[in-house]
Amino acid sequence: MAVTIKTEQEIELMRVSGHKLEIVHNELRDFIKPGISTLEISNYGEKLIRKLGGIPNFKNYEGYPAAICVSVNDEIVHGIPKKNRKLKEGDIVSLDAGLIWKGYHSDAARTWGVGQISEEAQKLIDVTRQSFFEGIKCAKAGHHLHEIGTTIGAYAGSFGYGVVEELVGHGIGTHLHEEPQIPNFKVKGRGILLEPGMTLAIEPMINAGSKHVNWSDDGWTVTTADGSLSAHYENTILITDGEPEMLTCTE
């Protein structure tokens, strides 16, 4: 699949999709507290998505069983929500969510603290978020794709964190995952030239310790190899002639 350039009509549909997803994430942020289960979070997220007229695009995607990926502490991504997995004071939880609106996908992730968390955990969350914003300084027409990941990796790495290399961001539109793949680290080559109308899901996944990961027996959950905490931050963005437009974040 080639990298798609969206029309103005398509972009407007993606704006609506992204805005609805932002509402879902803001509601989920306020829903999180010690004692609730990861399944309750996913069920609440699905209810919100459907209430807004969307379709949860993660549910049954390649067999994934839930609407929201809920990953706790050393789980990097794709944690499967469970009834008996309860959040505790001091945990951090990453929520990866997406929805479809009139055929167009949005995708975004946030990591939140549960109650009072350690300074170290908060710093990891903050640096992961900021690495995204550092990276998208390069997300402009005329720049090359891999400038984004090089900048993300350099920023997060300057804090001594491990930048996950086995998982990457992606293009997005009428499919959840489209070309191009978007690394969060330096790779050989410059990557494609960015053009107005491209829509990208950029998603740094940053570990407090090693960059290395383990894949769980459930076929989905990815964890840090050394048991360190991990944070995830993602938005769907639009490439323009100027600054990138954030489709899933207006705050």
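Note that the structure is predicted; figures quoted are calculated from it, not measured.
- No donor-acceptor contact under 3.5 angstrom links the side chains of Glu75 and Ser94, judged on distance only.
- Nearest heavy-atom pair, Arg85 versus Val72, reported as atom, atom and distance to 0.1 Å: NH2-CB, 3.4 Å.
- Arg29 places none of its side-chain heavy atoms less than 4.5 Å from the side chain of Arg110.
- Cluster annotation: Val16 is connected to Ile172 through the hydrophobic network of ILVMFWY side chains, with a link wherever side-chain heavy atoms come within less than 4.5 Å.
- Of all heavy-atom pairs between Leu193 and Gly142, the closest is CD1-O, 3.4 Å.
- For Lys186, the salt bridge (Lys or Arg N to Asp or Glu O under 4.0 Å) criterion is met by no residue, not counting sequence neighbours.
- Taking NE2 from His105 and CG from Leu21, the interatomic distance works out to 12.0 Å, rounded to the nearest 0.5 Å.
- For the pair Glu234 and Ile202, the minimum side-chain heavy-atom distance is 4.5 Å or more.
- Both Phe133 and Ile182 are members of a single hydrophobic cluster when ILVMFWY side chains are connected at heavy-atom separations under 4.5 Å.
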### Task
Might you work through the side chain to side chain donor-acceptor pair (under 3.5 Å) test for Asp126 and Gln122, ending with a clear yes or no?
CA-CA 6 Å; Asp126 293 343; Gln122 189 61 57; 2.9 Å; yes
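- Remark: Tyr44 pairs with Phe31 by the ring-ring contact (aromatic ring centres under 6.0 Å, His included) rule, at least two apart or across chains.
- Counting only heavy atoms from C-beta outward, the side chains of Val70 and Val93 approach each other to under 4.5 Å.
- Between Lys6 and Glu178 there is a salt bridge, with a side-chain nitrogen of the basic residue lying less than 4.0 Å from a carboxylate oxygen of the acidic one.
- Residues Leu167 and Ile152 do not share a hydrophobic cluster, clusters being chains of Ile/Leu/Val/Met/Phe/Trp/Tyr side chains in contact below 4.5 Å.
- Interatomic distance, Asn235 CG to Glu245 CD, rounded to the nearest 0.5 Å: 12.0 Å.
- At least one side-chain heavy atom of Val213 sits less than 4.5 Å from a side-chain heavy atom of Ile76.
- Dense packing is recorded around NZ of Lys82, with more than 12 heavy atoms of other residues, nucleotides or ligands lying under 6.0 Å away.
- Heavy-atom contacts from other residues, nucleotides or ligands closer than 6.0 Å to CZ of Arg50 number more than 12.
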### Worked check of side chain to side chain contact (heavy atoms under 4.5 Å, CB included) between Ile206 and Val163
CA-CA 5 Å; Ile206 310 298; Val163 181; 4.0 Å; yes
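- Proximity of Val222 to Ser216: side-chain heavy atoms (C-beta onward) are nowhere separated by under 4.5 Å.
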### Task
Give the C-alpha distance, both sets of side-chain angles, the deciding distance and a yes or no for side chain to side chain donor-acceptor pair (under 3.5 Å) between His212 and Asn207.
CA-CA 9 Å; His212 299 295; Asn207 300 340; over 6 Å; no
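- The shortest side-chain heavy-atom distance between Trp101 and Met14 does not fall under the 4.5 Å cut-off.
- For Tyr161, there are no ring-ring contact (aromatic ring centres under 6.0 Å, His included) partners, not counting sequence neighbours.
- Scanning both residues, Ala97 and Ile68, for their nearest heavy atoms gives CB-CD1, 3.6 Å.
- Distance check: Asn84 CG to Thr38 OG1 gives 8.0 Å after rounding to the nearest 0.5 Å.
- Contacts classified as ring pair (Phe, Tyr, Trp, His ring centres under 6.0 Å) and involving residues 47-66 (residues at least two apart or in different chains) are given here: Tyr61-His177, Tyr64-Trp220.
- For the pair Ser42 and Ala67, the tightest heavy-atom approach, listed with the atom from each and the gap, is OG-N, 3.3 Å.
- Hydrophobic cluster membership differs between Leu229 and Met205, with clusters built from Ile, Leu, Val, Met, Phe, Trp and Tyr side chains linked at under 4.5 angstrom.
- In this structure, OG1 on Thr236 lies 9.5 Å from CE on Met246, to the nearest 0.5 angstrom.
- Residue His232 holds its NE2 atom at 8.5 Å from OG of Ser71, rounded to the nearest 0.5 Å.
- With sequence neighbours excluded, the residues satisfying salt bridge (Lys or Arg N to Asp or Glu O under 4.0 Å) with Glu165 are Lys211.
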### Task
Under the side chain to side chain contact (heavy atoms under 4.5 Å, CB included) rule, what do Leu176 and Ile100 come out as? Steps first, then yes or no, please.
CA-CA 9 Å; Leu176 176 57; Ile100 307 167; over 6 Å; no
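- For Asp218 (side chain) and Thr221 (main-chain N/O), a donor-acceptor pair under 3.5 Å exists by modelled atom type.
- The number of heavy atoms from other shown groups lying within 6.0 Å of CG (Asp217) does not exceed 12.
- Thr150 places no side-chain N or O within donor-acceptor distance of the main-chain N or O of Glu147, the cut-off being under 3.5 Å.
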### Query
Given the rule in the side chain to side chain contact (heavy atoms under 4.5 Å, CB included) test, do Ile41 and Leu28 qualify, once you have shown the distances and angles that lead to the verdict?
CA-CA 7 Å; Ile41 295 170; Leu28 288 172; 4.1 Å; yes
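- Within the 3.5 Å criterion, the main-chain N or O of Val24 finds no donor-acceptor partner in the side chain of Glu27.
- Under a 3.5 Å cut-off, the side chain of Glu46 and the backbone N or O of Asn43 do not form any donor-acceptor pair.
- Proximity of a side-chain donor or acceptor of Asn73 to a complementary backbone N or O of Ser230 within less than 3.5 Å is not detected.
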### Test log, rule side chain to side chain contact (heavy atoms under 4.5 Å, CB included), inputs Met198 and Ile192
CA-CA 11 Å; Met198 290 180 175; Ile192 62 168; 3.9 Å; yes
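- The CG atom of Leu247 lies 11.5 Å from the CG atom of Leu13; values are rounded to the nearest 0.5 Å.
- Salt-bridge annotation for Glu120 and Lys123: absent, with no side-chain N of the basic residue lying under 4.0 Å from a carboxylate O of the acidic one.
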### Message
Test side chain to side chain donor-acceptor pair (under 3.5 Å) on Tyr104 and Glu10; report intermediate values, then the result.
### Response
CA-CA 8 Å; Tyr104 285 83; Glu10 290 178 305; 2.7 Å; yes
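- The neighbour count for His19 NE2, taken as heavy atoms of other residues, nucleotides or ligands under 6.0 Å away, does not exceed 12.
- Note: the hydrophobic cluster containing Ile237 does not contain Ile11 (ILVMFWY, side chain heavy atoms under 4.5 Å, direct or indirect links).
- Judged by distance alone, with hydrogens and angles left aside, the side-chain atoms of Gln181 form no donor-acceptor pair with the main-chain N or O of Gly169 at under 3.5 Å.
- Contact between Ile32 and Leu87 at its shortest, heavy atoms only, is CG2-CD1, 3.9 Å.
- Contact of the Lys20 side chain with the Leu48 side chain is not registered, since no non-hydrogen atoms from C-beta on lie closer than 4.5 Å.
- A ring pair (Phe, Tyr, Trp, His ring centres under 6.0 Å) check over residues 137-158, counting only residues at least two apart or in different chains, returns the pairs Tyr155-Phe159.
- In this structure, the side chains of Thr4 and Thr174 stay at 4.5 Å or more apart for every pair of heavy atoms.
- The shortest heavy-atom contact between Ala139 and Ile239 is O-CD1, 3.5 Å.
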